[in-house]
Amino acid sequence: QVQLVESGGGLVQPGGSLRLSCAASGRTFSNYVMGWFRQAPGKNREFAATINRSGGAKYYADSVKGRFTIARDNTKDMVYLHMNRLKPEDTAVYYCAAGAANFLSSREDGYDYWGQGTQVTVSS
């Protein structure tokens, strides 16, 4: 089992920045591909970003590309999502996910473990 706990969400004005963090425990963190997904009110959960085991490969949804950056620290068992130039449409609950399969995936079924989520609200 892998336990994931997100933090760092909150209320931010349009154009602002936030850094989300996800702390992992339970298994060897560097054995997992990590991803961030989000779910806006009334919508399905959608992919945001993913990073491979070493941190050397990343993939983003078009909606966040150029504004969000995913990063990981395998010495601290942490994954981060740096969010810049936030827009009201970025408002959502953001989820961290861990996948045992060794490939990047934008699909929910590519991940085996999920956190509880952290709320991000972008509003003036």
Side-chain angles (χ1 to χ4, degrees):
Q1 287 282 348
V2 175
Q3 291 78 44
L4 302 170
V5 179
E6 302 95 335
S7 61
L11 174 64
V12 62
Q13 292 187 342
S17 299
L18 275 178
R19 187 187 77 163
L20 303 184
S21 300
C22 174
S25 61
R27 293 283 178 90
T28 303
F29 178 69
S30 58
N31 287 346
Y32 292 86
V33 169
M34 300 299 297
W36 285 97
F37 288 73
R38 64 186 185 180
Q39 187 168 20
K43 295 187 177 181
N44 292 330
R45 189 156 54 185
E46 66 175 13
F47 167 75
T50 183
I51 187 167
N52 73 341
R53 294 175 176 180
S54 68
K58 305 171 186 180
Y59 178 67
Y60 298 93
D62 287 344
S63 58
V64 309
K65 196 176 299 181
R67 300 186 299 122
F68 291 9
T69 302
I70 189 170
R72 67 189 296 162
D73 186 340
N74 286 347
T75 68
K76 297 181 179 178
D77 295 355
M78 298 287 294
V79 63
Y80 306 98
L81 187 66
H82 301 265
M83 305 186 295
N84 296 317
R85 291 184 282 135
L86 283 160
K87 305 175 182 179
E89 52 263 43
D90 294 318
T91 294
V93 177
Y94 283 71
Y95 297 91
C96 171
N102 192 18
F103 58 86
L104 297 180
S105 177
S106 61
R107 295 169 52 96
E108 290 188 50
D109 60 9
Y111 298 85
D112 304 290
Y113 302 100
W114 294 82
Q116 293 300 305
T118 186
Q119 176 71 48
V120 172
T121 302
V122 184
S123 175
S124 55

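Note that the numbering runs from 1 along the sequence shown for the chain.
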Nearest 0.5 Å, what's the [atom1]-[atom2] distance between [X] and [Y]?
X: Asn102; Y: Asn52; atom1: CG; atom2: CG; answer: 7.5 Å
X: Gln39; Y: Gln119; atom1: CD; atom2: CD; answer: 10.5 Å
X: Asn74; Y: Lys76; atom1: CG; atom2: NZ; answer: 12.0 Å
X: Tyr32; Y: Arg27; atom1: OH; atom2: CZ; answer: 5.0 Å
X: Tyr113; Y: Gln1; atom1: OH; atom2: CD; answer: 5.0 Å
X: Trp36; Y: Leu20; atom1: CH2; atom2: CG; answer: 4.5 Å

May I ask you to decide if the ring planes of Tyr59 and Phe47 are parallel, tilted or perpendicular, using 30° and 60° as cut-offs?
parallel
Can you classify the ring geometry of His82 versus Tyr80 as parallel (below 30°), tilted (30 to 60°) or perpendicular (above 60°)?
tilted
Same cluster or not: [X] versus [Y], using hydrophobic residues (I, L, V, M, F, W, Y) connected whenever any side-chain heavy atoms lie under 4.5 Å apart?
X: Tyr60; Y: Ile51; result: yes
X: Leu4; Y: Tyr111; result: no
X: Phe29; Y: Trp114; result: no
X: Leu18; Y: Phe37; result: no
X: Val12; Y: Tyr94; result: yes

Determine whether a donor-acceptor pair (N or O, by modelled atom type, separation under 3.5 Å) exists between the side chain of [X] and the backbone of [Y].
X: Glu6; Y: Gly117; result: yes
X: Lys58; Y: Ile70; result: yes
X: Arg72; Y: Gly55; result: no

Please name the pair of heavy atoms, one in [X] and one in [Y], separated by the smallest distance, quoted to 0.1 Å.
X: Ala40; Y: Thr91; answer: CB-O, 3.6 Å
X: Arg53; Y: Ala100; answer: NH2-O, 2.8 Å
X: Ser124; Y: Pro14; answer: N-CD, 3.7 Å
X: Val79; Y: Ala71; answer: CG2-O, 3.2 Å
X: Gly66; Y: Arg85; answer: O-NH2, 2.6 Å
X: Gly9; Y: Val120; answer: CA-CG2, 4.1 Å

Is any side-chain heavy atom of [Y] closer than 4.5 Å to one of [X]?
X: Asp90; Y: Arg38; value: yes
X: Phe68; Y: Leu86; value: yes
X: Thr50; Y: Ser105; value: no
X: Met83; Y: Leu81; value: yes

Can you establish whether the number of heavy atoms outside Glu89 located under 6.0 Å from its atom CD is more than 12?
yes
